[in-house]
Amino acid sequence: MVQLENTKCSFLVCLVVCVLICSAIYLNAKIPKISLPFTDWSSQTTPAPESCDILPPATPGFTWQQKDHNFSYETKPDANCTLLQSDLHFIMEPLSKEEEDFPLAFIITIHKELETFVRLLRAIYAPQNVYCIHIDAKAAEEYKTSIRNLVGCFPNVFVVSVNVNVTYAGFSRLQADINCMKDLVKSPTKWKRVINLCGQDFPIQTNLELVRYMQGPEWKDRNITPGIKQPPTMKHRTQFQYEEVKGTHVAPKGKGQKKGPPPHNLTIYFGTAYYSLTRPFVEFVLTDKLAKDLLEWSRDTFSPDEHYWVTLNHMKEAPGSYVEGEWQGNVRAIKWKDQEGTAHQGCKGRYIRDICVYGIGDLQWLIESENMFANKFETASFPEALHCLELWHRHKVLQHAMVPIQPSWRLTTEVKVINSTLISKPDD
Ligand SMILES: *[C@@H]1O[C@H](CO)[C@@H](O)[C@H](O)[C@H]1NC(C)=O
Ligand SMILES: *[C@@H]1O[C@H](CO)[C@@H](O)[C@H](O)[C@H]1NC(C)=O
Ligand SMILES: *[C@@H]1O[C@H](CO)[C@@H](O)[C@H](O)[C@H]1NC(C)=O
Ligand SMILES: *[C@@H]1O[C@H](CO)[C@@H](O)[C@H](O)[C@H]1NC(C)=O
């Protein structure tokens, strides 16, 4: 069989060479595209972003092309899902036994940009995992419909059963996660950890790397919620009452009304809103009286998602808690403006609310950071940054795969130009 395959290959390679020589001699290279075996005709390709230098060097003589720089598509309720999965380059098989044995749950809160969501979902998608999508209640109906049509093609992706209007720094941000958790504990998937993401995040690590990180000695059976005891500069967040105003922002309630002390004499912590939580911890959050009392008390605080998880995770009683934990845990790579010159050397994109929206020049720093995910990306302002990281990430994912790779899983292909004709490398 192998020999037959080799003979077939040799024949095809000969054929390619013949066609090329013929075209060069007889057609004087006037024909822009020649039908060749091995060429991927199912999707157009365009060059990878020029400054995408995080990609490994291409084979000498070849350059990187990306398969669907122009992805204009519409989602239909009656889509052919097999076709949609392959057109959008979703990986529909577990890539290793190790990953299959450690399913993850994801909570993704989104409100706009279908294309960005597709790129994020296909980067983290694996058939053994489960995904709860929280769409902001005030998002456009058209957007909600598109997302519903898309996730309808994946049995392990669903839209949250109760969605809320999400306000930045408001209690609704926390409520969105909790609503997803309530659905996730009912899912048939035996997920081991839950990770939350927003539409502006993108993974740096592969699913296999995430699984290994969470099973490693530092985090085995432990939640990751980086944070410290509430510093004095953050006290106002829980000493005074706040409220969400018109679904747009959070403001002090009345004339600076004071709040009572936390329930059960809890010590309040402060940290990131991003986490990786064990399943028993999530069950504790949803059922324990203490956790529920803290949730109720947090309703009129400022940015409660930045104290709720961290506070609970510092309690001895909470499953998987880390009472002595501080900022440990590589949950997010973020370039904060006030850490310029220390943690990083500036933002190559631009700062929004003192957080860097990445440009392509920030990617080297990101991939060296060892974090699970990066925040923030904005397709509207810096599309190449997201595209380039996506190509790099998928390349790494496929390199880690322990199963044969389907052609549709690739986002890049190596090509060379001969007589104005693009030729893909045979194994792409
Ligand atoms: C993308 O592809 C569609 C359909 O092939 C085409 O109509 C459109 O002009 C393309 N857009 C860009 C920006 O190339
Ligand atoms: C969906 O598309 C695939 C691939 O083109 C095809 O084999 C299959 O028959 C289609 N399924 C339906 C239900 O149309
Ligand atoms: C969200 O806010 C809109 C107004 O902006 C309102 O019409 C709608 O009922 C709200 N939805 C929920 C679920 O609160
Ligand atoms: C509350 O906790 C503080 C220390 O955090 C302790 O000094 C105080 O006695 C506690 N109060 C009650 C009522 O348990």
Side-chain angles (χ1 to χ4, degrees), residues 35 37-45 67-68 71-93 107-114 117-118 121-122 125 127 132-184 186 196 198-199 241-251 253 286 295-296 298-305 308 404-411 413 428:
S35 182
F38 310 129
T39 305
D40 178 9
W41 293 107
S42 65
S43 50
Q44 292 174 299
T45 67
K67 280 190 174 176
D68 60 350
F71 83 72
S72 57
Y73 68 93
E74 45 186 320
T75 64
K76 301 190 197 86
D78 56 349
N80 178 334
C81 290
T82 315
L83 211 56
L84 179 143
Q85 289 157 1
S86 106
D87 277 356
L88 294 178
H89 308 284
F90 275 83
I91 296 176
M92 299 305 297
E93 285 172 48
I107 294 171
I108 313 173
T109 49
I110 51 172
H111 64 284
K112 59 172 188 187
E113 290 187 350
L114 185 62
F117 172 69
V118 172
L121 184 63
R122 75 179 175 191
Y125 182 83
C132 176
I133 316 299
H134 184 283
I135 316 172
D136 196 331
K138 61 182 179 295
E141 280 311 314
E142 207 179 20
Y143 177 75
K144 288 185 200 162
T145 306
S146 300
I147 299 284
R148 280 180 206 278
N149 290 342
L150 177 77
V151 310
C153 272
F154 302 88
N156 56 338
V157 186
F158 64 88
V159 170
V160 70
S161 55
V162 181
N163 62 349
V164 294
N165 284 320
V166 177
T167 304
Y168 182 81
F171 181 76
S172 54
R173 180 65 197 74
L174 186 52
Q175 188 71 60
D177 276 24
I178 302 228
N179 288 0
C180 262
M181 286 177 179
K182 286 179 183 165
D183 290 345
L184 281 170
K186 292 182 208 145
N196 64 345
C198 74
Q241 295 185 328
Y242 293 84
E243 61 185 349
E244 295 185 5
V245 183
K246 295 184 204 126
T248 58
H249 64 288
V250 173
K253 197 170 178 177
L286 297 178
L295 188 67
E296 277 313 308
S298 299
R299 238 169 234 286
D300 56 359
T301 59
F302 184 88
S303 209
D305 53 344
Y308 186 68
I405 292 166
Q406 303 296 322
S408 70
W409 298 352
R410 292 185 194 279
L411 292 182
T413 175
D428 282 357

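Each ligand, and each atom within it, is numbered from 1 in the order the structure gives. These numbers come from a predicted model, not from an experiment. The figures here come from the full heavy-atom set of this structure, side chains too, leaving out hydrogens, waters and symmetry mates.
Between Thr109 and Arg173 the shortest side-chain heavy-atom distance falls below 4.5 Å. Contact of the Tyr308 side chain with the Ile178 side chain is registered, since non-hydrogen atoms from C-beta on lie closer than 4.5 Å.
Listed by chain and number, the residues in a salt bridge (charged side-chain N to carboxylate O under 4.0 Å, His left out) with Glu141 are Lys144 (sequence neighbours excluded).
If you number the atoms of ligand 3 from 1 as listed, the ones under 4.0 Å from a heavy atom of Asn163 come out as 13 (C).
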Please give the N or O to N or O pairs under 3.5 Å between ligand 2 and the protein, distances rounded to 0.1 Å.
from: ligand 2; atom 1: 2 (O); to: Asn80; atom 2: OD1; distance (Å): 3.4
from: ligand 2; atom 1: 2 (O); to: Asn80; atom 2: ND2; distance (Å): 2.3
from: ligand 2; atom 1: 11 (N); to: Asn80; atom 2: ND2; distance (Å): 3.1
from: ligand 2; atom 1: 14 (O); to: Asn80; atom 2: ND2; distance (Å): 3.4

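Between the Asp183 side chain and the Val160 main chain, no donor and acceptor come within less than 3.5 Å of each other. Checked by atom type and distance alone, the side chain of Arg122 pairs as donor or acceptor with a backbone atom of Leu88 at under 3.5 Å.
At a 3.5 angstrom cut-off on N or O pairs, Lys138 does not count as close to ligand 3.
Note: Phe154 and Phe90 have tilted aromatic rings, judged against thresholds of 30 and 60 degrees for the angle between ring planes.
A pairwise comparison of heavy atoms in Val166 and Lys138 identifies O-NZ, 2.6 Å as the closest pair.
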